[in-house]
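The chains referred to below are lettered A, B, ... by the order of the sequence lines, with proteins before strands, and numbering in each begins at 1.
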Amino acid sequence: MDTTQGTPAMMDDTLTLPRAADGAPRIDCRNIKVFYGEAQAIHDVSMTFPDRAVTALIGPSGCGKSTFLRCLNRMNDTIENCRVEGEILMDGENINDEDVDPVLLRSRVGMVFQKPNPFPKSIYDNIAYGPRIHGLANGREDLDAIVEKSLRRAGLWEEVKDRLTAPGTSLSGGQQQRLCIARAIAVQPEVILMDEPCSALDPIATARIEELIDELRNRYCIVIVTHSMQQAARVSQRTAFFHLGNLVEMGDTNQIFTNPREKRTEDYITGRFG
Amino acid sequence: MTDTVRTSAPSAAAAKHLKRRRAADGRFRYYGLTAIFVALGALAVLVLTIGTQAFSAATYNVVKYEVTLDPAVIAPEGANRPADISRNVEGFYSLVRDELLTTFPEAEADRVSRRELSDFVTRLAVLPTARLVANNPELVGNTITLTAPLNDDLDLYLKGQGVKERKIKAGTVSSVQGEEDGTFRLAGAEAFEAVVTGLAVASVDRAEDAGQPDVLLTAGVSTGRLTDIDAGSARMELLTGRAQDFAQARPTARIIVSAESERTISDRQIAWVLALKEMGRVDRVPRWTLLTNSDSTYPELAGGLAAIVGSLLTMLITALVAMPIGILAAVYLEEFAPRNRLTEFIEVNINNLAAVPSIVFGLLGAALYINFLGMPRSAPLVGGLVLALMTFPVVIIASRAALKAVPPSVRSGALAVGASQMQTVFHHVVPLAAPGILTGAILGMARALGETAPLLLIGMVAFVGDVPRSPTDESTVMPVLIFSWSNNAERAWEPLTSAMIVILLAFLLVMNGLVVFLRRKYERRW
């Protein structure tokens, strides 16, 4: 693939995305409540996510961290009976507003799932699908450039550049997950949500993804749900601890792991429950 | 915890329990195997009975006639345009009949034997020749070999199915003497000993009130009927040929168990057909007319073309109606519809619809399409619509199952990159479910192809001699044709019915093969 022909905008890796004002949060959640039918899964959570940093959501199983994550790109809309209350502000706009199109929102907020879920299509088409439906590419060369750039950023280009037509499902688990990250990057999001992205991977693939998350931090606001406290400690700058649908404590990762303010947080990170 | 593996039961009671469990295991396997063998056995019996019957109908006997196309007969002045020639069945038929009468002049004797000889070929059997001559007028005046199928009863006789007979080689006949009453006395040492023994055996098998078995004696092209048989001599009434043929010959005797009055063919007809065969004028050839002819009241001319075309037209209508409705309904119900009481109610009713007996759909079709909407009777259009009503619940159910089998991770993956719900469904979910959807649709169609009952009610059971040209023409379909043929009394219809069943099964096999092919080719893993 000839990439020298790409448009200047595509080749300019330094900046294609608007950046939040220095220090301003990328996402500001206020009084979020989530209900599944009558059952309340999230109780009045307010928190912010800084731009160009990784925020980890930790907590025992069923504490609502994944549900909360899915509020951020309105994936909960697709679940019957699920109701979200509260305001989530991105660039001052409440994404829960009626007139916000979830389709557009999801092109700004990418998501990576627990189990790698590449489309049963070629590697190329996996990446190109998002840009195609959003009309981000002008012609074939432009699309080629987007695919290459996305794969490079996901650290997968060298491994797959010779077999872009091979099915995405033919890759190994770790490669598939990086393909999914590349797929999310390809639509030029501002935020990337990761829902336990390494739980189905072996330690080496996990390490590779963690490195990648660290690199991506320079460009995106990343929110990661994880069960592994070591992973949270390794990759995140901010950590939020959820328990029974409540946000118990949120702070810098160092502070949470070395000097938690709350007794429950300390009990959890020291392994007394969870 | 120990690392040793326990190999013996901890107690006697546990050992007994274990033994019972193993026995139950073994019994279950045995039941399963038995079930499989019963099913396979039933299938084998079905295939064998239908297959052998159909095999006998796959070929038939045709007779060759050397006829001179006399212009005065087939193209008389005033009726010699090609269109007239092609319709001049009577003229061509008289050529064939006269040729037969020349070959067997003894049939001129009385009206009964004349009719028996003319029965060899049906009038309509000369139609293909008439059309051929009409298209090639230069043939008029020439001598051509005309081929026409043999009468169905004689055809069955030559295939050894119509009339029970025992063939016995007689001894050498040394003398043939003419008697005063026109019969002949055949004599020869021990010539008819085997025939006498054969007759004795045949009489044992016969019911008391049945008449005497007939004995026909054939030498070359000549055949006679024997009476007063004893070991050294017999009286013979000559049916065809010359009495001299029997002198110094070893003729073949046929003991025909049923009396002439109980049969559909007479002794004379048997004699003539044996003579024709001896002359080499009878050929057993593949019966392509089964696929190229349409229905007829004469079994030797009947074929399934009109029904096959009717079935294809009907299936076309069914596919055009049932597949879009079924697939769209399934996609909507599975991917878009909210889960509430209304959709649940619809779901339950679709399942109920799939279980409604097919004849009810026939009644509905007759009332709705024909009486209310005024569509033509007996037409593939109505048949297709009725079958579509019957098929689309099946398509919906199969398609929903296929859509359900697509993992939700594919949907969330597509939604997460910003695909709308419709894009998610049509770019990802439906392509993945397509092999399953098509499988369900084709299997539903295959079921519709074999359906008879609803079509009877909308009048597709009518006798249709012409190939339908459009979905609104009168038509019948393969299963209904099988049903009509199986109702016919003549024996020759029985193998024909089986042959038609085999053709229908071939169509079904092709459809099922298509399903397997599609599944193999397009099934994707995720």
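- Closest approach of A:Arg183 to B:Val417, counting heavy atoms only: CG-CG1, 3.7 Å.
- The CG atom of A:Asp101 lies 8.5 Å from the OG atom of B:Ser420; values are rounded to the nearest 0.5 Å.
- When all heavy atoms of B:Leu415 and A:Arg106 are compared, the pair lying nearest together is O-CD, 3.0 Å.
- Residues B:Ala416 and A:Met111 approach most closely at CB-CB, 3.9 Å, considering heavy atoms.
- For the atom pair B:Asn340 CG and A:Glu80 CD, the distance stands at 8.0 Å (nearest 0.5 Å).
- Other residues, nucleotides and ligands contribute over 12 non-hydrogen atoms within 6.0 Å of the CZ atom of B:Phe336.
- Residues A:Phe113 and B:Ser412 have side chains in contact (heavy-atom distance under 4.5 Å, counting atoms from C-beta outward).
- If you take CG on A:Asp125 and NE2 on B:His427, they are separated by 12.0 Å, rounding to the nearest 0.5 Å.
- Proximity of B:Arg411 to A:Thr78: side-chain heavy atoms (C-beta onward) are nowhere separated by under 4.5 Å.
- Closest approach of A:Tyr129 and B:Ala419 over heavy atoms only: OH-CB, 3.7 Å.
- Here CD of B:Gln423 is found 12.5 Å from CZ of A:Arg132. Values are rounded to the nearest 0.5 Å.
- For the pair A:Lys121 and B:His428, the tightest heavy-atom approach, listed with the atom from each and the gap, is CE-CE1, 3.5 Å.
- Of the two parts of A:Val112, neither the backbone nor the side chain holds a non-hydrogen atom closer than 4.5 Å to a non-hydrogen atom of chain B.
- Considering all non-hydrogen atoms of both residues, A:Pro120 and B:Leu432 come closest at CG-CD2, 3.4 Å.
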